[in-house]
Amino acid sequence: MKHAWFPLMLSLFSLFAGRGGAAYPEAKDLPSKPGLPDPLVMLDGSKVSTKEQWAEKRRPELKALFQHYMYGTLPPVMKFQVKSLHKDEKAFGGKATLEEVGLDFGFPDHLLRVLIVSPNGRKEPVGCFVGPNFCGNHAIVDDPKVAVPTSWIYPNYPGVKNNKATEEGRGKQADVWNLEQTIDRGYAVATFYAGDIDPDRADARGGIRPHLPKDLDTTSIACWAWGVHRIVDHLVARPGIDPKKIVCVGHSRMGKTALLATAFDDRIAIGIPHQAGCGGTAPSRGTVGESVKQINDRFPHWFNAEFKKFSADPTRLPFDQNDLVAICAPRPVLFSNAQEDTWANPNGQFEVLKAADSVYRFLGVEGLGASEPPPISKLLSSRLGYFVRPGKHSMNKEDWGAFLDFADKHLGK
Ligand code: GCU
């Protein structure tokens, strides 16, 4: 009975919500709850007992809560024109078609450049991996025609001078994306330089943010996820791509983005947040690796001002990352990690999957289907999948092998 006042307070808040008042309690007024929350319990404490309640009440409530207290609001859907910038129908020795398309939202001096590589000679439309990259499309393939980003870029990426990418970085990330392996397995890949959407700096503006309403409470991660969604708009209408087989992938901060993008867009069939850690796949209530305070202090632009209020006590968060996975249900989600990457708390991530499992089973599908993590390098390919390989924080060929096996299984190959 410790928090008997809480539901009453909430109903008062909801009364005001309809009139433009604050819809949710202040962080300091939320009760401290140490364990991972049950996704099937509403904010007011009532239990979800039907699939309709889940779909119509709890799932939308969770989406609103994540935006209010953590990621900020995803920018609104926007229309764009597609321009083909460069096309090579004989890429990878003739195995694939490589095209760069520009999504033009009509903002001055702005273009979202998407690199799309698809296998040639397939009778049926193919599945497609989509996700942001760190260093530019030109870094992923060794093709002199793929444009070097003109947007702001980190100084410590290969070939960067004065925060601009240069020719020197061309092809330097080829073994991060391993495109040829994916092509050979019959999938397309669509990727974009994250900086075309948001520069990933608290003190730099660029990408789409200057073109959004000034009072929009948004963040880098919400904007990147929005970028993924706009590319999905293009992919679902693109000949040769199977709109039912879109897999969202991302590494680290882009893994956080991949999970958010998957949760907020049902057109994405599978989510693969790789080594996403705190603010993504690791529990905010976790005690291993990066903490909410550390991530808020170092990367204030990833999350909104509300989230900072939980730095001192994340147990007051009215959700944890298992709730973000639950929003994805019943779609398959794979958490993949590296053994030495304890900063991302791989073991805590397994607990997150365990605590999302009830929603999958409530919806009548398989969830995690395991009580212990699988051995190293062995893929647990349940609908809630898990994979840890030896080594450090990176994305490599072995990781992609697991992503492809997971996609094959769940997309019926
Ligand atoms: C830092 C940060 C992580 C993040 C990672 C990355 O290590 O602490 O939260 O995932 O950068 O994006 O590479």
Side-chain angles (χ1 to χ4, degrees), residues 66 70-72 131-136 139-140 152-158 160 169 172-173 175-177 191-204 207 219-225 227-228 248-263 271-304 307-308 310-311 314 317 320-321 324-325 333-349 352 387-389 391-396 399-400 403:
F66 274 106
M70 188 172 183
Y71 296 108
N133 65 67
F134 282 85
C135 301
I140 285 166
W152 196 100
I153 194 164
Y154 265 120
N156 59 349
Y157 289 151
V160 175
K172 295 271 181 348
Q173 297 272 307
D175 55 2
V176 172
W177 281 77
T191 181
F192 64 103
Y193 171 51
D196 278 3
I197 295 290
D198 185 275
D200 195 8
R201 281 286 299 256
D203 59 354
T219 61
S220 297
I221 293 180
C223 289
W224 292 325
V228 171
C248 185
V249 64
H251 177 218
S252 213
R253 68 200 69 183
M254 300 310 160
K256 308 180 206 300
T257 301
L259 184 58
L260 182 68
T262 305
I272 306 189
H274 176 59
Q275 300 171 353
C278 184
T281 47
S284 295
R285 287 163 170 78
T287 50
V288 172
E290 190 171 23
S291 67
V292 166
K293 175 165 175 22
Q294 284 167 320
I295 205 166
N296 273 333
D297 289 351
R298 280 183 64 207
F299 305 101
H301 52 292
W302 289 357
F303 308 100
N304 69 2
F307 197 55
K308 314 291 181 287
F310 297 92
S311 285
L317 276 165
D320 210 308
Q321 298 310 102
L324 193 58
V325 179
V333 174
L334 169 63
F335 281 12
S336 62
N337 281 288
Q339 204 175 5
E340 291 173 49
D341 186 15
T342 49
W343 186 240
N345 189 5
N347 293 337
Q349 293 188 34
V352 165
F387 176 70
V388 181
R389 56 135 171 97
K392 297 193 191 323
H393 191 73
S394 65
M395 188 158 77
N396 66 23
D399 297 322
W400 277 96
F403 304 167

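Read the numbers this way: they start at 1 and go in the same order the structure lists the ligands and their atoms.
Nearest heavy atoms, Ser336 versus Phe403: OG-CE2, 3.3 Å. The nearest pair of heavy atoms linking Leu317 to Ser284 is CD1-CB, 3.6 Å.
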field: Pair Val352-Thr281, side chain to side chain contact (heavy atoms under 4.5 Å, CB included): steps then yes or no
entry: CA-CA 7 Å; Val352 165; Thr281 47; 5.9 Å; no
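Contact annotation: the side chain of Pro132 approaches that of Val228 to within less than 4.5 Å [non-hydrogen atoms, C-beta and beyond]. Using a 4.5 Å cut-off on side-chain heavy atoms (C-beta onward), Tyr157 and Gln173 make no contact.
Remark: minimum distance from atom 3 (C) of ligand 1 to any protein heavy atom is reached at Glu290 OE1, 3.3 Å. Residue, atom and distance of the protein heavy atom nearest to atom 7 (O) of ligand 1 are Trp343 NE1, 3.3 Å.
Ligand-side atoms of ligand 1 in range of Ile295: 9 (O), range being under 4.0 angstrom from any heavy atom. Close contacts of ligand 1 with Phe299, meaning ligand atoms under 4.0 Å from a residue heavy atom, involve 1 (C), 2 (C), 8 (O). For ligand 1, the atoms closer than 4.0 angstrom to any heavy atom of Arg298 are 8 (O).
Using a non-hydrogen distance threshold of 4.0 Å, His251 does not register as a contact of ligand 1. For Lys256, the heavy-atom gap to ligand 1 drops under 4.0 angstrom. At a 4.0 Å cut-off, not a single heavy atom of Met254 sits close enough to ligand 1 to count as contact.
When non-hydrogen atoms are compared, ligand 1 lies under 4.0 Å from neither the backbone nor the side chain of Gln294.
For Trp224 (side chain) and Ile197 (main-chain N/O), no donor-acceptor pair under 3.5 Å exists by modelled atom type.
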